[in-house]
Amino acid sequence: MTNSNTAAPETPSSEPRPASNFLREQIAEDAATRKFGDAVIQTRFPPEPNGYLHIGHAKAICIDFGLADDFGGKTNLRFDDTNPEKEEQEYVDSIQRDVHWLGFDWERLCYASDYFGQLYEWALKLIRDGKAYVDDLSAEEIRQHRGTLTEPGRNSPYRDRPVEENLDLFQRMRAGEFPDGSRVLRAKIDMSSPNLNMRDPVMYRILHATHHRTGDDWCIYPMYDYAHGQSDSIENVTHSMCSLEFADHQPLYRWFIENLGIFPSQQIEFDRLSITYTLLSKRKLLQLVQEGRVSGWDDPRMPTLSGLRRRGFTPEAIRAFVAQAGVSRTNGIVDIEMLEHFQRDDLNHRALRAMAVLRPLKVVITNYPEGQTEHMEVANNPEDLEAGTRQVPFSREIYIEQDDFREVPPPKYYRLSPGKEVRLRNAYFITAQTVVKDSEGNVVEVHCTYDPASRGGNSPDGRKVKSTIHWVSTAHALTAEVRLYEKLFAKPDPNDCAEGGSFLDNLNPNSLEIISDAKLEPSLASAQPGAPFQFERVGYFTADIHSTEGALVFNRTLPLKDTWAKIEKKTGS
RNA sequence: UGGGCGAUCGUCUAAUGGUAGGACAGUGCCCUUUGGAGGCACUUGUCUAGGUUCGAAUCCUAGUCGCCCAGCCA
């Protein structure tokens with residue numbers, strides 16, 4: 001594919017694709033019957049640049065780009081930028097960045113605003129053909145004339161204006177002679193249609209607004225319904241995939257296409273992606289940003305692609321998730337656990353391992369020589385030996401996780417406790433001997449002895465330990481800020497709120513926990529944002545985009561699955 | 001109450017008149033220098049009622065339930 005200014009990763013061909021779905025079958029059939037003759041399969045991804053892309057868009061992107069690619073076709077990225085009041089260049093830029101990051105590259109970069117001239121000419125034609133008219137009714141009056149779901153609408157008193165008058169008025173609308181909202185251009189179809197979209201829909205409204213691309217060239221802007229089908233047609237889009245709610249609009253798109261005599265694209269609708277504990281509404285995500293409930297569109301708790309990226313999610317995992325979630329015409333809600341599964345699966349294979357202690361507890365190995373440092377050779381990724389090894393310093397004083405020591409161990413607790421022996425990952429067996437407490441009785445230090453013969457983590461006498469814990473040498477430790485993220489919403493359905501409440505009531509107050517003094521092994525000093533790490537036994541992390549060598553900040557992508565937490569919960573200990 | 005669309009394990013999805021399968025989640029066991037990962041096993045499903053058929057998730061009829069549409073948003 002061509003026309004990109006940034007490199008996009010190849011889509012791995014080994015990625016599983018759904019065995020079948022109704023979209024693929026329809027395209028396969030159309031290809032087999034040569035419905036579109038010699039034309040290649042052409043699709044498009046048509047976002048409105050009024051916000052950042054989220055994981056729901058990822059599904060649409062995978063469908064639009066993936067399906068075309070499967071059939072040797074092409075995909076355009078087209079901005080449906082027909083409403084200058086909500087659209088911005090920032091969004092245009094972020095969308096291109098995110099589509100590339102997801103792993104796709106477009107054939108052509110298009111804008112509905114490129115077609116404003118053509119659309120205007122076509123409107124003139126419809127007026128001349130007696131199929132469109134200028135209406136002087138106010139928005140409120142138009143609404144009243146529209147009727148209801150069960151009652152037909154009424155014709156506007158301006159519906160039968162002579163063609164010449166319509167032409168004159170519409171040209172003067174375009175020339176800027178009338179104020180916003182004073183008139184609209186409407187299609188003359190059928191005010192009694194049971195499909196409300198056919199009750200003389202508005203084609204153009206007057207909007208004296210500066211457009212992010214066309215500036216002040218226009219003061220009338222086409223409605224989405226008047227622009228979308230024709231934009232597809234202009235681009236020779238063969239298969240126009242969109243979400244379910246647009247099914248009712250198909251008859252209108254066909255009406256425009258037929259009355260204009262232009263190329264008819266095939267529209268096929270599919271279900272939007274919904275995920276538990278997740279909001280996928282651009283309007284509401286914008287509200288979270290504007291009200292400062294999150295730090296921005298790329299807050300790592302956001303379901304935006306930029307937020308997921310900053311959090312450490314990967315395009316590969318998102319694509320695999322979308323493929324497994326599938327596509328249909330039902331309104332389902334996918335468990336967020338499925339997304340998390342595909343992310344863990346991806347990271348498990350590629351994340352470099354490191355040792356990091358989030359909540360440090362000092363351990364002194366009393367029989368280890370003072371001032372001595374050893375360098376342990378450690379595998380960077382036990383799942384991938386080609387990832388090599390690194391040296392990790394070990395010394396007499398180390399940090400371990402507070403959770404990894406209990407003065408009074410509950411049942412089935414295999415970690416360190418007085419008199420018990422555990423393995424320090426890649427180092428030695430140690431046995432806890434005594435504890436040091438502060439004035440409040442908290443254990444602040446554990447004194448242990450080690451078995452010098454167990455270097456590397458095995459005892460020559462074949463002695464077994466029940467547990468392996470991670471550690472960081474105090475003298476060599478890096479201090480870092482670590483941000484632990486939880487779900488942004490506390491309820492599976494964020495919109496499930498009391499009467500008069502809002503989704504904001506369901507915000508999870510514990511969605512972000514900041515740990516300011518985590519202790520990291522030295523190799524993490526130069527971690528780059530986006531590079532995935534598994535902090536062994538803890539979770540997957542990546543350096544934040546604002547992390548520096550002098551002020552390290554790591555974001556937790558996901559915690560590792562925690563069997564012990566389950567046992568602990570079950571036994572109530 | 002008009003129109004459109006839909007209904008398969010707890011969740012998502014396959015089966016295109018011929019053994020209801022996969023993934024996630026869950027449970028148990030095995031394995032493990034990450035209580036991670038991995039392996040094995042198990043559990044649970046065709047909205048209802050009729051009909052057509054040797055045979056129905058699939059076709060027909062009638063219901064039930066759910067989603068979408070009354071922006072000069074997309």
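A quick note: this is a predicted structure, and the numbers were derived from the prediction, not measured. Reminder, nothing fancy here: chain letters follow the sequence lines and each chain counts from 1.
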(request) With the side chain counted from C-beta on, respond yes when A:Phe79 and A:Cys110 share a heavy-atom pair under 4.5 Å apart, and no when they do not. (result) no

(request) Decide, yes or no, whether a salt bridge links A:Asp200 with A:Lys188 under the criterion of side-chain N to carboxylate O below 4.0 Å. (result) no

(message) Considering only residues two or more places apart or on different chains, which pairs with a residue in residues 331-344 of chain A satisfy salt bridge (charged side-chain N to carboxylate O under 4.0 Å, His left out)?
(response) none

(request) Apply ring-ring contact (aromatic ring centres under 6.0 Å, His included) to A:Tyr450 and A:Phe429, showing your working. (result) CA-CA 6 Å; A:Tyr450 83 120; A:Phe429 285 6; over 10 Å; no

(message) Counting Watson-Crick and G-U wobble pairs with both distances under 3.5 Å, what is the dot-bracket string for RNA chain B, 5' to 3', using [ ] for crossing pairs and | for pairs to another strand?
(response) .((((((..((((....[..)))).(((((.......)))))....(((((..]....))))))))))).....

(message) Need to verify one output field. Residue with the more 5' nearest nucleotide on RNA chain B, A:Tyr413 or A:Ala247?
(response) A:Ala247

(request) Using a heavy-atom cut-off of under 4.0 Å over every strand shown, decide if A:Ile333 touches base, sugar-phosphate, or nothing. (result) sugar-phosphate

(message) For RNA chain B, which residues of residues 186-193 of chain A approach it to below 4.0 angstrom with any heavy atom?
(response) none

(message) Please list, in numerical order, the residues of residues 171-181 of chain A that have a heavy atom closer than 4.0 Å to any atom of RNA chain B.
(response) A:Gly181

(message) Heavy atoms only, 4.0 Å cut-off, all strands: where does A:Glu337 land among base, sugar-phosphate and nothing?
(response) sugar-phosphate

(request) For A:Leu137, answer base if it contacts any base atom (sugar-phosphate contacts may also be present), sugar-phosphate if it contacts only those atoms, and nothing otherwise; contact means non-hydrogen atoms under 4.0 Å. (result) base

(message) Categorize A:Ala325 for me: base, sugar-phosphate, or nothing, with a 4.0 angstrom heavy-atom threshold over every strand shown.
(response) sugar-phosphate

(message) Run the ring-ring contact (aromatic ring centres under 6.0 Å, His included) test against A:His249 and tell me which residues pass, sequence neighbours left out.
(response) A:Phe246

(message) Does B:C73 have OP1 or OP2 under 4.0 Å away from a side-chain N or O of A:Arg205?
(response) yes

(request) State plainly whether the residues A:Lys466 and A:Glu421 are in salt-bridge range, i.e. N to O under 4.0 Å. (result) no

(message) Counting only heavy atoms not in A:Ile333 (residues, nucleotides, ligands), do more than 12 fall under 6.0 Å from its CD1?
(response) no

(message) Salt bridge check, A:Arg390 against A:Glu377: does any charged N sit closer than 4.0 Å to a carboxylate O?
(response) no

(message) Just N and O in the side chain of A:Thr330: are any of them under 4.0 Å from OP1 or OP2 of B:U13?
(response) yes

(message) Let's see if you can work this out: which of B:G35, B:G4, B:G26 has an atom nearest to the side-chain heavy atoms of A:Lys566?
(response) B:G26

(request) Tell me what A:Val327 touches on the nucleic acid: a base, only sugar-phosphate, or nothing, going by heavy atoms under 4.0 Å. (result) sugar-phosphate

Kindly give the atom pairs (protein nitrogen or oxygen, nucleotide nitrogen or oxygen) under 3.5 Å for nucleotides 65-71 of chain B.
unit_1, atom_1, unit_2, atom_2, d
B:A70, O2', A:Arg146, NE, 3.3
B:G71, OP2, A:Arg146, NH2, 3.1

(message) Restricting to ring-ring contact (aromatic ring centres under 6.0 Å, His included), what partner residues turn up for A:Tyr399, sequence neighbours left out?
(response) none

(request) With heavy atoms under 4.0 Å as the rule, sort A:Phe535 into base, sugar-phosphate or nothing. (result) nothing

Between the protein and nucleotides 40-42 of chain B, which nitrogen or oxygen pairs are less than 3.5 angstrom apart?
none

(request) May I ask you to say what A:Val184 touches in the nucleic acid, namely base, sugar-phosphate or nothing, with a heavy-atom cut-off under 4.0 Å? (result) base

(request) Give me the ring orientation class for A:Tyr253 and A:His228: parallel if the planes are under 30° apart, tilted from 30 to 60°, perpendicular past 60°. (result) tilted

(message) With a 4.0 Å cut-off on N to O distance, would you call A:Arg213 and A:Glu87 a salt bridge?
(response) no

(message) Syn or anti for B:G66? Use the chi torsion, O4'-C1'-N9-C4 for purines and O4'-C1'-N1-C2 for pyrimidines, with syn inside 90° of 0.
(response) anti

(request) Pick the C1' atom in B:G22 and in B:U8, then give their distance to the nearest Å. (result) 13 Å

(message) Which residue is it: A:Leu484, A:Leu358, A:Asp562, A:Asp403? I am looking for the one with a side chain to side chain contact (heavy atoms under 4.5 Å, CB included) to A:Val538.
(response) A:Leu358

Atom pairs under 3.5 Å: protein N/O with N/O of nucleotides 36-38 of chain B:
unit_1, atom_1, unit_2, atom_2, d
B:G36, OP1, A:Thr563, OG1, 2.3
B:G36, N2, A:Glu383, OE2, 2.9
B:A37, O2', A:Asn348, ND2, 2.8
B:A37, O2', A:Glu383, OE2, 3.3

(request) Check side-chain hydrogen bond (donor to acceptor under 3.5 Å, both in side chains) between A:Glu269 and all other residues, then give those that pass, not counting sequence neighbours. (result) A:Gln250, A:Gln267, A:Arg329

(request) Could you measure between the two P atoms, the one in B:C59 and the one in B:U27, and give it in whole Å? (result) 38 Å

(message) When you compare the side chain of A:Tyr221 with that of A:Leu119, does any pair of heavy atoms fall below 4.5 Å?
(response) no

(message) Using the side-chain hydrogen bond (donor to acceptor under 3.5 Å, both in side chains) criterion, which residues pair with A:Tyr540? Sequence neighbours excluded.
(response) A:Gln534

(message) Please report the distance separating the P of B:C47 from the corresponding atom of B:G10, rounded so that it comes out in whole Å.
(response) 12 Å

(message) Can you work out whether A:Thr82 or A:Leu339 has the more 5'-proximal nearest nucleotide on RNA chain B?
(response) A:Leu339

(message) Within the supplied structure, the quantity of interest is the number of heavy atoms (other residues, nucleotides, ligands) at a distance under 6.0 Å from A:Lys420 NZ; does it exceed 12?
(response) no

(request) For B:G51 and B:A56, measure between their P atoms and round to the nearest Å. (result) 12 Å

(message) Ring-plane angle category for A:Phe533 and A:Phe554, please: parallel below 30°, perpendicular beyond 60°, tilted otherwise.
(response) perpendicular

(message) Using the side-chain hydrogen bond (donor to acceptor under 3.5 Å, both in side chains) criterion, which residues pair with A:Gln391? Sequence neighbours excluded.
(response) none

(message) In whole Å, measure the gap between the P atoms of B:A49 and B:U64 for me.
(response) 15 Å

(request) Could you check which of B:U11, B:A23, B:G35 has an atom nearest any side-chain atom of A:Gln324? (result) B:A23

(request) Select base, sugar-phosphate, or nothing to describe what A:Arg329 touches, counting heavy atoms under 4.0 Å on all strands. (result) sugar-phosphate

